[in-house]
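A quick write-up on the structure given underneath.
Computed over heavy atoms, backbone and side chain alike; hydrogens, waters and symmetry mates excluded.
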Number of protein chains: 2
Amino acid sequence: MNAASFYAKAPKHLVAVDCIIFGFDEGRLKLLIMQRKVAPMAGEWSLVGGFVQEDESTDEAAARVLELTTGLDDIYMNQLHCYGNVNRDTGARVISVAYYALIRIKNHDKPLAREHGAHWLELHEIPELIFDHGKMIEDALAALRNNAQFHPIGFELLPEKFTLSQLRSLYEEIYRKTLDKRNFRKKILSLDVMEKLEEKDKTSSKKGAHLYRFDPEKYEALKRKGLVFEI
Amino acid sequence: MNAASFYAKAPKHLVAVDCIIFGFDEGRLKLLIMQRKVAPMAGEWSLVGGFVQEDESTDEAAARVLELTTGLDDIYMNQLHCYGNVNRDTGARVISVAYYALIRIKNHDKPLAREHGAHWLELHEIPELIFDHGKMIEDALAALRNNAQFHPIGFELLPEKFTLSQLRSLYEEIYRKTLDKRNFRKKILSLDVMEKLEEKDKTSSKKGAHLYRFDPEKYEALKRKGLVFEI
DNA sequence: GCAAAAGTGTTCTTACTACACCCATGG
DNA sequence: CCATGGGTGTAGTAAGAACACTTTTGC
């Protein structure tokens, strides 16, 4: 077989990207989902997605789709899985590559999201979704849990400056269990990957809590020492 | 936009699967790689792969491709990652979904593999591969290491009956470090996921070593107790 | 002065690490 | 009888889990 027929003989497929967009606000993990605009399943709840174009990688397609609904670029994004069942999309055979993104919910373009019919919902509020999108969310949550344990990705969900209480309640949300306040502080501070700021946050207590900032250089130093971030 | 044009307007892509096939033989981790038959890059070393057909899922395509070269079905296989860069394949734009497979090297159909120009090579013998296949192997090794630590997948690479020394040397290969004999035995036996057989294997010692067999039911019992397999 | 969240240490238990000798057997 | 790999136990150390009170300050 020559090269031309090798490639020419092979079938072509629609390839989509779907984004599981996590945010953290008011102490709760949230997901950005939207109401589908086209048939089949128009009006039903769905993840944010789109087709991969000729001139873009799947990563680029996911970033484009994300920016279209949130106005954000340069955000943390990870490929989750490629969903390739023949009948997963009832409108046509579509292979979908799913990505999960972690965004600072305060930073996103709220009017733009509204315009696209997108809404932030807490995990327990998520309605039934089209196709295999429910499974995608389930898988993304599992991946987020695994990933958060050994990589400093939690910080992607918090504002740049945050208190230890906020950080702890984020991990409590991710792991769905309460964490001992003293042990958590001891552990995260022992890793020495954050800078302690002079400023205090007084929005949630009269005493005020110190603000911290994740320091990528300190994290690199930790890795150079051969130690692993684990929380 | 109506449904017809929504799907019709989207571009279609060639979608391939590539398999990183791990085996374990003579105390060494090995990979099955082959010499490519078609241009471009004919004759160069490559992973085993093929195009996803209209009527099969990506998982099915990977299983088909694997069976074509090894004669084996019902083998352990995991999706690794979808590689979607525009120019990753120099012959055409091809999106590739990579899978890694763990096989019992003794069981595969050797003549069939030879017929396809496939060879088992140790990790340090792997030549430069076409496209991004080298990166795929790197990623697969990292995934194998992560996965082996918390899931009982090592057993997929060993014969049904194996000695503790074989099991330990497999983990030494995967982790690329020596493991203390006594601590390893203590740890793996404490998990209680293997059945100790009466038979002994005398091929590598005069005294003979007890054979063990992985017991999926014992593993399920471990999980029910809320404990995690970790080695 | 009191409510509400911030901040702080110690003890106990458990799991991992390091380490060296005897055993059984085929040749 | 000896060379070879199989098999075993203990002591020290480090990390995680459990747990309660004092501090600050706005109202």
Side-chain angles (χ1 to χ4, degrees), chain A residues 26-28 145 148-150 158-159 161-213 222 225-231, chain B residues 26-28 145 148-150 158-159 161-213 222 225-231:
Chain A
E26 296 161 340
R28 314 295 294 183
R145 286 190 187 114
Q149 192 172 1
F150 296 106
L158 292 173
K161 299 171 183 182
F162 52 86
T163 67
L164 287 178
S165 293
Q166 289 176 308
L167 185 62
R168 180 165 52 88
S169 78
L170 168 61
Y171 279 98
E172 288 182 335
E173 273 285 291
I174 292 176
Y175 296 146
R176 291 175 182 288
K177 67 173 185 182
T178 59
L179 300 172
D180 180 85
K181 182 162 58 156
R182 279 168 292 188
N183 293 340
F184 180 82
R185 294 174 73 92
K186 200 189 311 173
K187 179 77 210 223
I188 190 82
L189 291 175
S190 77
L191 294 172
D192 190 28
V193 294
M194 304 183 307
E195 181 189 356
K196 184 177 184 174
L197 306 175
E198 288 310 312
E199 297 172 72
K200 285 194 165 191
D201 173 285
K202 295 211 169 187
T203 55
S204 67
S205 85
K206 297 166 179 173
K207 186 178 176 183
H210 273 102
L211 286 165
Y212 289 80
R213 182 195 287 141
L222 181 77
K225 274 186 253 174
L227 299 175
V228 275
F229 179 92
E230 181 182 355
I231 202 79
Chain B
E26 296 162 340
R28 316 293 294 183
R145 284 189 189 113
Q149 193 172 359
F150 295 106
L158 291 173
K161 300 172 184 181
F162 52 85
T163 68
L164 287 178
S165 293
Q166 289 176 308
L167 185 62
R168 180 165 52 88
S169 78
L170 168 61
Y171 278 98
E172 288 182 336
E173 273 285 291
I174 293 176
Y175 296 145
R176 292 174 181 289
K177 69 173 184 183
T178 60
L179 301 172
D180 181 85
K181 182 164 58 156
R182 279 168 293 190
N183 293 340
F184 180 82
R185 295 174 72 92
K186 200 189 313 173
K187 181 76 212 224
I188 190 83
L189 291 176
S190 77
L191 293 173
D192 190 27
V193 294
M194 305 183 306
E195 182 189 354
K196 184 176 184 174
L197 305 176
E198 287 310 312
E199 297 170 72
K200 285 193 164 191
D201 174 286
K202 295 208 170 188
T203 56
S204 67
S205 85
K206 297 166 181 176
K207 185 176 176 183
H210 273 101
L211 286 165
Y212 289 79
R213 182 195 286 140
L222 181 78
K225 273 187 254 172
L227 300 175
V228 275
F229 179 92
E230 182 182 353
I231 201 77

Give, for atom CZ of B:Arg145 and atom CD1 of B:Ile174, the distance between the pair rounded to the nearest 0.5 Å.
-> 9.0 Å
Any B:Tyr212 side-chain heavy atom under 4.5 Å of B:Leu158 side chain | no
In whole angstrom, give the distance that lies between atom CG of B:Leu189 and atom C1' of D:dG6.
-> 13 Å
Chain B reaches DNA chain C, atoms under 4.0 Å from its heavy atoms, from C:dC16 to C:dG26
To the nearest 0.5 Å, what is the distance between CG (B:Leu189) and NZ (B:Lys196)?
-> 8.0 Å
What distance do A:Lys186 atom NZ and A:Asp180 atom CG have between them, rounded to the nearest 0.5 Å?
-> 8.0 Å
Smallest heavy-atom separation, A:Phe162 atom then A:Arg213 atom, equals CE2-CA, 4.1 Å
Output for pair (B:Arg168 CZ, B:Ile188 CD1), nearest 0.5 Å, gives 12.0 Å
Minimum heavy-atom separation for B:Ile231 to B:Ala148, with atom names?
-> CG2-O, 3.9 Å
Looking only at non-hydrogen atoms, find the nearest pair between A:His210 and A:Lys200 and report the distance.
-> CE1-CE, 3.5 Å
Under 3.5 Å donor-acceptor pair, A:Lys206 side-chain atoms to D:dT24 base atoms = no
How long is the line joining CD of A:Glu230 and C1' of D:dA14, in whole Å?
-> 14 Å
Please give the angle, rounded to 10 degrees, between the axes at the start and the end of the helix from C:dG1-D:dC27 to C:dG27-D:dC1, where five pairs define each axis.
-> 0°
Calculate, to the nearest 0.5 Å, the distance between atoms CG and CZ belonging to B:Leu167 and B:Phe184 respectively.
-> 4.0 Å
Might you point out which heavy atoms bring B:Leu191 and B:Val228 nearest each other, and give the distance in Å?
-> CD2-O, 4.1 Å
Where each residue is assigned the nucleotide of DNA chain C containing its nearest heavy atom, which of A:Lys200 and A:Lys186 is assigned the position nearer the 5′ end?
-> A:Lys200
DNA chain D contacts made by residues 162-185 of chain A, counting heavy atoms under 4.0 Å = A:Asp180, A:Arg182, A:Asn183
